[in-house]
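Keep in mind that the numbers below use all heavy atoms, side chains included, and drop hydrogens, waters and symmetry copies. Not measured: the values here are computed from a predicted model. Order of the sequence lines fixes the chain letters, A, B, ..., with proteins taken first and strands second; residue numbering starts at 1 for each chain.
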There are 2 protein chains.
Amino acid sequence: MARRRLAVTIKHVAADAQVSLQTVSRVINNEPNVRPEMRERVQASIDRLGYVPSIAAQRMSGSRSYLILALNDRERTIADWRARQGTDWVDQMLLGGMLECAEHGYRLIFELVDTHEDHLERELGAALAALQPDGAILTPPHSDNQEILRILTRHHVPYARIGALGDEDGHCPPGVRVSMDDEGAARLATRHLLALGHRRIGFIAGPAEYRLAGWRVDGWRAEMTAAALPCDGLLEAGDFSYASGARAARALLDREAPPTAIIASNDQMALATIEAARDAGLDIPRDLSVVSFDNTPLVRFTTPPLTAVDQPISETTATAVRLLIQAQRDGADPAPTVVLPMSLVERGSTAAPRD
Amino acid sequence: MARRRLAVTIKHVAADAQVSLQTVSRVINNEPNVRPEMRERVQASIDRLGYVPSIAAQRMSGSRSYLILALNDRERTIADWRARQGTDWVDQMLLGGMLECAEHGYRLIFELVDTHEDHLERELGAALAALQPDGAILTPPHSDNQEILRILTRHHVPYARIGALGDEDGHCPPGVRVSMDDEGAARLATRHLLALGHRRIGFIAGPAEYRLAGWRVDGWRAEMTAAALPCDGLLEAGDFSYASGARAARALLDREAPPTAIIASNDQMALATIEAARDAGLDIPRDLSVVSFDNTPLVRFTTPPLTAVDQPISETTATAVRLLIQAQRDGADPAPTVVLPMSLVERGSTAAPRD
DNA sequence: TTGAAAGCGCTAACAG
DNA sequence: CTGTTAGCGCTTTCAA
């Protein structure tokens, strides 16, 4: 392979500016102890020659790799991709994470992690050793996976966890935590339905594996309790799949006093709820209001369009990236916690109850 | 930053296996001239120590970077993400490209390129200099952007172009070309409608900037001509946006002899066509059949669901990656051309014409 | 404030 | 077949 004869290296810049390599390095990295005139002269050479430092070389000499790893659940991500159901989680992650990275001269590398295999240590370890990223972003359910945290810790890779709050086991440093306000969002959705006049509001929870699933239940329960309404017989759990949503919805609708509104913890389960209601001869929203907890693209195309909680996924990822980079650069607090608000998008699937 | 005391390097392996660095290197890279027993001994040490070569170091010493860049149009990609209309192009690209990369020990890095700015040279050049990728994948409309090709060529980065066929200007090496059979797909869609009994089949083309737009028109025209049907007044062009699709659809429907079926070159324009037809009091598919040229998730949720051409995006990207890696590894033909077949998914938006 | 020297982990080129 | 040497481009010592 003909190696780039044209590659501009730090040497060329040094020669051009008539300074030492070290001075050029200092300018590149914005370090102090360079006279302004020197800095200018070097910068001029850099610009003229179109010099860009090689990340590999920077990493080699013990500096940063300017790489951030985004770790997602392998099975779920691939399943979502294959299913083509419009889940745009990855897109939104990239939108937020990648653009924020670019802003700081970093790159985001997507990596799928399989926790079911016993290769976890080997696979993730290999990725870390090969790439030597400056940080990692964990999405649920990996955010709470202690083994992943341990491996990252062992490799000295700082991490930001999305959707993880508190309750660490103390063996790993806490790291950056960025969460969407799941409980608040559930309250928002519940209040919206209460305001419409609903009193029996059912809730279809997500799997316990996802801690945010519990927070959402908490929010719903809190608002119901605050309104002096009982929650008994109004809670069912699914696993985020359509089938589980259908099961849960049927269970709720078969009750003696069925709910007049149902909050589902994600889109697939909300769609299943709509279908189940139709099968039961119910009209939406006349006989049953439905709120979803995702706001993926397709909810605007269903009939009726779904009222849904909107998750600020891109902002969340962007925040995670920013905090990770800041912590590394400025030695800022390496373990801040940020909670981002969610909003409710009202569409046609919610209305006042009939009775 | 506490440098990884635990980092296992080639030295440790060499010491452990009692061989030279070079021998370890040979084993890592599967090079010949190593006795089986040596190879085994070294491999044992590698496994025991959990050694993984540092990509940065490999790149530094003139070997590969194991990085492949996926170049997408910045403006369009971000717009799609923000619009959240369920375009899953990026997901499908990742699904195919990333998994294929992983298969070979490579990583895919997503990069957005802005051709509108005059920074093109600087921005893309910087990415190439910083990352020194082993290859790049170009998606439309960049696949035909001669300046991008020139920059890649200058940096000695081999590329694979998706949706680009022939007609190079000869200044750049041809590179890998992987296309979906756009013309064939247009023929497929046209034949489907002809078989249903349609004779006036309208076509809404994409912007000329995308060469595939022209191929699709060619396929439609070829089948119409083969069926001895005129194309006059049945062709309109849009720019892939909803608004442009609405305009084109209205123009077609306002004709003296309006088409009984319309093929739109993408989903947004197909949705706009449906809307325009509704506004004109037409029922779909009774009064007008509609075929889309994307098969994004949302077409299954419209009423009626859209008959659509399915693009094998993930296979295309996977193929591009595979060819790129093969060419580099085996010194295989660096400029193969592959055309992947597309299929038609029949749904509720097409039926026999009324008249 | 600047520069010189050493070395990061790996591979290419050359010996043996 | 195996080992030695040099060097990739950059940053970290440390010295001036």
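- The distance from the CG atom of A:L99 to the CZ atom of B:R74 is 6.0 Å, given to the nearest 0.5 Å.
- As judged by a 4.0 angstrom heavy-atom cut-off over every strand, A:V24 is placed among residues making no nucleic acid contact.
- In summary, the side chains of B:S54 and A:Q132 do present a donor paired with an acceptor at a separation below 3.5 Å, with no hydrogens or angles considered.
- B:Q22 places its CD atom 16 Å from the P atom of C:dG16, with the value rounded to the nearest Å.
- Spacing between atom CG of B:N29 and atom P of C:dC10 amounts to 11 Å, rounded to whole angstrom units.
- The phosphate of D:dT2 (OP1 or OP2) has no side-chain N or O of B:N33 nearer than 4.0 angstrom.
- Using a 4.0 Å heavy-atom criterion, one finds that A:V34 contacts the sugar-phosphate atoms exclusively.
- Listed nucleotides: D:dC10, D:dG9, C:dG3. Nearest to the side chain of B:M60: D:dG9.
- Applying the 4.0 Å criterion to OP1 and OP2 of D:dC10, one finds that A:Y51 has a side-chain N or O inside that range.
- Checking B:L71, B:V157, B:I68 one by one against B:P133, the side chain to side chain contact (heavy atoms under 4.5 Å, CB included) holds for a single residue, B:V157.
- Taking atom CD1 on A:I10 and atom C1' on D:dC8, their separation rounds to 13 Å, with Å as the unit.
- A:P53 comes within 4.0 angstrom of sugar-phosphate atoms only, judged by non-hydrogen atoms across all strands, and of no base.
- Checked against C:dT2, D:dT2, C:dT11, the side chain of B:M38 finds its nearest nucleotide in D:dT2.
- Summarising the geometry, atom CD1 belonging to A:I325 is positioned 9.5 Å from atom CD belonging to A:E103; distances are rounded to the nearest 0.5 Å.
- Considering only side-chain N and O atoms, B:S25 lies nowhere under 4.0 angstrom from the phosphate OP1 or OP2 of C:dA12.
- Between D:dT11, C:dT11, C:dT2, one nucleotide has an atom nearer to the side chain of A:S63 than all others, and that is D:dT11.
- Nearest nucleotide to the side chain of A:A57, out of C:dC10, D:dT12, D:dC10: D:dC10.
- Remark: the A:S20 side chain and the A:T23 side chain contain an N/O donor-acceptor pair separated by less than 3.5 Å.
- In this structure, B:Q18 atom CD and D:dG3 atom C1' are separated by 14 Å, rounded to whole Å.
- We find that CD1 of A:I55 is positioned 19 Å from P of C:dC10, with the value rounded to whole Å.
- Between the CD1 atom of A:I46 and the C1' atom of D:dC10 there is a distance of 13 Å, given to the nearest Å.
- The residue A:Q58 sits close only to the backbone: its heavy atoms come under 4.0 Å of sugar-phosphate atoms, none of a base.
- Here B:S54 does not reach the OP1 or OP2 of C:dG9: none of its side-chain N or O atoms lies under 4.0 Å away.
- Considering all non-hydrogen atoms of both residues, B:V42 and B:V19 come closest at CG2-CG2, 3.9 Å.
- Evaluation of the side chain to side chain donor-acceptor pair (under 3.5 Å) test over residues 34-45 of chain A, restricted to residues two or more places apart or in two chains, returns A:D16-A:S45, A:Q43-A:D47.
- A search for ring-ring contact (aromatic ring centres under 6.0 Å, His included) contacts involving B:Y66 returns B:Y106, not counting sequence neighbours.
- Put simply, CD on A:E31 is 14 Å from P on D:dC10, counting in whole angstrom units.
- Which of C:dG9, D:dT11, C:dT11 sits closest to the side chain of B:T9 comes down to C:dG9.
- When each of D:dC1, D:dG9, D:dC8 is scored by its nearest atom to the side-chain atoms of B:S61, the top-ranked nucleotide is D:dC8.
- A:K11 has its NZ atom 13 Å from the P atom of C:dA5, to the nearest Å.
- Across its full length, the helix from C:dT1-D:dA16 to C:dG16-D:dC1 shows an angle of 30° between the axes of its 5 terminal pairs at either end, rounded to 10 degrees.
- Heavy-atom distances to DNA chain C give each of B:R26 and B:A56 a nearest nucleotide, and the one nearer the 5′ end belongs to B:A56.
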